[in-house]
There are 2 protein chains.
Amino acid sequence: MLARREPVTLRALVEGTGASTMAVYTHFGGMPGLWRAVRQEGFTRLAARLSTVPAGSDPVQDLAALGAAYVANALAGPALYRAMFDAAADLEDPGAAEAPFRTLVASAARARDGGRFAGESDPEAVATRIWAAGHGLAMLVLTGALPVEALDAHAPAMVTALCVAAGDREERAARSVRAGWAAARPLGA
Amino acid sequence: MLARREPVTLRALVEGTGASTMAVYTHFGGMPGLWRAVRQEGFTRLAARLSTVPAGSDPVQDLAALGAAYVANALAGPALYRAMFDAAADLEDPGAAEAPFRTLVASAARARDGGRFAGESDPEAVATRIWAAGHGLAMLVLTGALPVEALDAHAPAMVTALCVAAGDREERAARSVRAGWAAARPLGA
DNA sequence: CGCTATACATAGCAGCGTCATGCATCGATG
DNA sequence: CATCGATGCATGACGCTGCTATGTATAGCG
């Protein structure tokens, strides 16, 4: 129903299933509980998608690939992605939003340990900033404030800028990000 | 009602005003029209707030100050800010979202023309990226995915990184952003 | 002064989430 | 094997939502 942009109503949900609305109350405790489960599922799928991005020898390229996969996930299920962030802190498992984030942190840490980023660069901070950049860009596109082309136009540049700020050399970061972004481009073709 | 986190319902809206629900239909055409007007008002207020940031001699400092004012506006009225981006493209005046954006573009253009940014740097692109960074950070905080401290911790760093990528020298950008951010800090004190 | 068009109060409708009630069904217990 | 308690859920109803058909004032204009 989310994918078809239909309004998600309790009655429409159970129609055709042979079940009644009470089943939803038994299993989810009500509509807010159902949405909580939906958000949970959204973060689970996001984590799954990010985990398909292989960790290669170039951690900066991996960061860009993770960013591309993240944005691609948002674009593939816009309604689900927006629902996830209606109340990102209210999940069945409160730590579920952490899993996708950890993937980013891990790559940032590898970049630092491998000498690409400065020794004093904080992997959590770098990951948070890349997350915020991707989320902001994705949200602006999903809400219609920016055209979809903005993703390809700005996301790689933002990731590059953040990696350079973390200590990578400009030319090298640009090359790695280009490669990583191309490997998991959000827009097909 | 938005500020008090009360659910915005037609009946609660007219209660106590002496008017009936029909008045809303006369003036706004229904609930979606009312929300459209609310979003419009949100963008108008945002533009007003950004216009209070004076254009000083340091355009990079101005960019940071605009970013701080933008985030402060979001934090001052979280519900309004979120409502604005429920459908940022559906406004009474479709160009209303452009006004705040233009303020950013103007500062980026001044930075380029004044030699702070590279001659080939695109002010619209720089402004879009700063916007996306601020929006992403603000949204993650408003939805509870990040703590409020994340704003001070990451927003200045992101703006700096984007300005450096646009051509500014690292140390100089950092100093300007620090000054601009402090001038219009989102979190009081 | 009278006519028309606009503004809105009233009352009611369909659809929503929710829950009290009651009926099955299943697993444990004697 | 029979019985009893607990669980799962279908039924129906309740209050609230946005919406609108109807009727009535009121304001503006010839």
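Chain naming here is simple, since letters A, B, ... match the order of the sequence lines and numbering starts at 1 in each.
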Problem - Donor-acceptor pair, side chain of B:Ser121 and main chain of B:Ala118, under 3.5 angstrom - result: yes
Fill in the blank from the handout: 5'-most to 3'-most nt of DNA chain C touching chain A (<4.0 Å, heavy-atom partner on protein side) reads C:dC16 to C:dA20
Problem - Check: B:Phe85 ring centroid to B:Phe43 ring centroid under 6.0 Å - result: yes
Practice task
Look only at the side chain of B:Gln40 and the backbone of B:Leu91, and say whether a donor-acceptor pair between them is shorter than 3.5 Å.
Solution key: no
Practice task
Using distance alone, with no hydrogens and no angle criterion, decide if B:Trp181 and B:Asp152 have a side-chain donor and acceptor under 3.5 Å apart.
Solution key: yes
Problem - pair A:Thr160-A:Arg178: side-chain heavy atoms closer than 4.5 Å - result: no
Practice task
In plain terms, say whether B:Glu170 and B:Arg175 are close enough for a salt bridge, that is, a side-chain N and a carboxylate O under 4.0 Å apart.
Solution key: no
Exercise for the section: Remember a base hit wins even if backbone is also touched, and classify A:Gly18 as base, sugar-phosphate or nothing at under 4.0 Å, heavy atoms. Expected result: sugar-phosphate
Is there any protein nitrogen or oxygen under 3.5 Å from a nitrogen or oxygen in nucleotides 16-19 of chain D, and what are the pairs?
from   : atom 1 : to      : atom 2 : distance (Å)
D:dT17 : OP1    : B:Thr9  : OG1    : 3.2
D:dG18 : OP1    : B:Leu10 : N      : 3.0
D:dG18 : OP2    : B:Thr9  : OG1    : 3.3
D:dG18 : OP2    : B:Leu10 : N      : 2.8
D:dG18 : N7     : B:Arg11 : NH1    : 2.7
D:dG18 : O6     : B:Arg11 : NH2    : 3.1
D:dC19 : OP2    : B:Tyr25 : OH     : 2.9
D:dC19 : OP2    : B:Met31 : N      : 2.7
D:dC19 : O5'    : B:Tyr25 : OH     : 2.8

Handout entry: Note, B:Leu63 side chain near B:Cys163 side chain (heavy atom, < 4.5 Å)
Key = yes
Handout entry: Pair B:Asp86 + B:Arg39: basic N to acidic O under 4.0 Å
Key = no
Completion exercise
note: B:Met22, atom CE; D:dA25, atom P; distance rounded to Å ~ 16 Å
